[in-house]
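Take a look at the structure set out below.
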Amino acid sequence: MTERHELDMNRMPEHIAIIMDGNGRWATRQGMERSQGHFHGYRTLHNTVIQAAELGVGALSAYTFSSENWSRPDNEVTGLMDLVVMALRAEIEVMMEEGVRIIRSGRREGLPQEVLGEFDYASEQTQGNDRITLNICLNYGGRNEIVDAARQAAQMAFDGKIAPKEIDENLLSSLMYHPELPDPDLLIRTAGEMRVSNFLLWEIAYSEIYVTQTLWPDFSEDELVRAIAAYQSRTRKYGAVVDEQ
Ligand code: IPE
Ligand code: IPE
Ligand code: MG
């Protein structure tokens with residue numbers, strides 16, 4: 001097993017994206033309600049953010065609620081929204097102590113006013129923190145994000161600010177929800193599913209992917225270190241021919 005001190009500190013991923021999957025299975029296996037799985041998942045995220053900051057990771061994007069998750073039963077959706085509000089309130093002190101800047105990705109439309117209010121408050125309070133950025137992806141869809149960027153580009157062209165041929169990768173990248181974040185170096189998915197489920201479609205073009213069978217509430221620092229070790233063992237080629245000695 002790789003220990004934390006065996007990681008190459010000069011090759012840390014700057015940005016890790018996580019599809020935190022498996023809360024429901026975790027709860028069901030223990031005879032608990034799915035909501036209990038989500039609560040334990042929140043505790044896991046709390047721990048993971050602190051561990052990532054200690055390892056020198058600059059940004060963590062956490063898939064918390066997708067644009068497709070609205071199709072879940074009403075009580076699960078309401079429970080998740082309430083959990084987000086509770087967690088934001090409970091965590092603000094820790095985020096200040098740990099130097100966590102919190103930001104949100106996803107459409108505002110559809111989210112309860114209370115959730116938006118807590119996010120606006122937390123983002124404002126933590127905007128000066130610079131140890132790690134926690135990007136909470138809530139009501140987030142990768143296709144929505146690309147559509148929203150395309151609409152802005154179309155509007156700019158319509159207003160005569162740019163010519164259509166000026167719409168290129170750089171312009172679209174600059175119109176994504178958080179262009180200040182580097183693209184994720186590493187995408188982790190827990191609970192074994194081999195799919196991206198509409199997460200950061202634009203940004204993960206060249207991310208290294210790590211899938212673990214571990215369910216999100218059981219994800220630990222050992223797992224995080226293992227994922228980073230796997231990332232450090234990869235050869236990133238970006239389409240070029242690279243000597244893999
Ligand atoms: C991930 O866990 C959390 C959310 C999608 C909100 P799930 O709730 O999808 O857990 P499984 O996949 O049912 O086990
Ligand atoms: C992806 O998990 C979304 C989040 C982790 C928030 P899902 O459980 O919704 O994904 P699918 O349905 O298995 O693709
Ligand atoms: Mg799931």
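Counting starts at 1 for both ligands and their atoms, in listed order.
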*Could you verify whether a donor N or O on one side chain and an acceptor N or O on the other, from Tyr210 and Arg234, lie under 3.5 Å apart?*
no
*May I ask you to check whether Tyr140 and Asn198 show a side-chain donor-acceptor distance below 3.5 Å?*
no
Salt bridge flag under 4.0 Å for residues [X] and [Y]:
{"X": "Asp148", "Y": "Arg107", "answer": "yes"}
{"X": "Arg25", "Y": "Glu193", "answer": "yes"}
{"X": "Arg236", "Y": "Asp185", "answer": "yes"}
{"X": "Arg104", "Y": "Glu118", "answer": "no"}

*In ligand 1, which numbered atoms sit nearer than 4.0 Å to a non-hydrogen atom of Thr64?*
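Per the distance check, 6 (C).
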*asked:* So if I count the atoms of ligand 1 from 1 in the order they appear, which ones are less than 4.0 Å from some heavy atom of Met20?
replied: 1 (C), 2 (O), 3 (C)
_Below 4.0 Å from ligand 1: does a non-hydrogen atom of Gly22 turn up there or not?_
yes
For [atom], find the nearest protein heavy atom and state the residue, atom name and distance (0.1 Å precision).
{"atom": "atom 14 (O) of ligand 2", "answer": "Ser197 OG, 2.6 Å"}
{"atom": "atom 6 (C) of ligand 2", "answer": "Tyr63 O, 3.3 Å"}
{"atom": "atom 12 (O) of ligand 2", "answer": "Arg195 NH2, 4.5 Å"}

*Evaluate the ring planes of Tyr206 and Tyr238, with Trp represented by its six-membered ring, and classify them as parallel (under 30°), tilted (30 to 60°) or perpendicular (over 60°).*
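Taking Tyr238 first and then Tyr206, their aromatic rings sit tilted (interplane angle of 30° to 60°).
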*Which residue from Arg72, Glu68, Glu193 reaches closest to atom 7 (P) of ligand 2 through any of its heavy atoms?*
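Ranked by closest heavy atom to atom 7 (P) of ligand 2, first place is Arg72.
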*Taking heavy atoms and a distance under 4.0 Å, where does Asn69 meet ligand 2: side chain, backbone, both or neither?*
side chain
_Please work out, at 4.0 Å between heavy atoms, whether the side chain, the backbone, both, or neither of Phe199 comes within that distance of ligand 2._
neither
*Non-hydrogen atoms of Arg25 versus ligand 2: any pair closer than 4.0 Å?*
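It does not; every heavy atom stays at 4.0 Å or beyond.
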*Within the stated cut-off of 2.8 Å, is an N/O/S atom of Asp21 closer than that to the Mg ion (ligand 3)?*
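An N, O or S atom of Asp21 is closer than 2.8 Å to the Mg ion (ligand 3), so yes.
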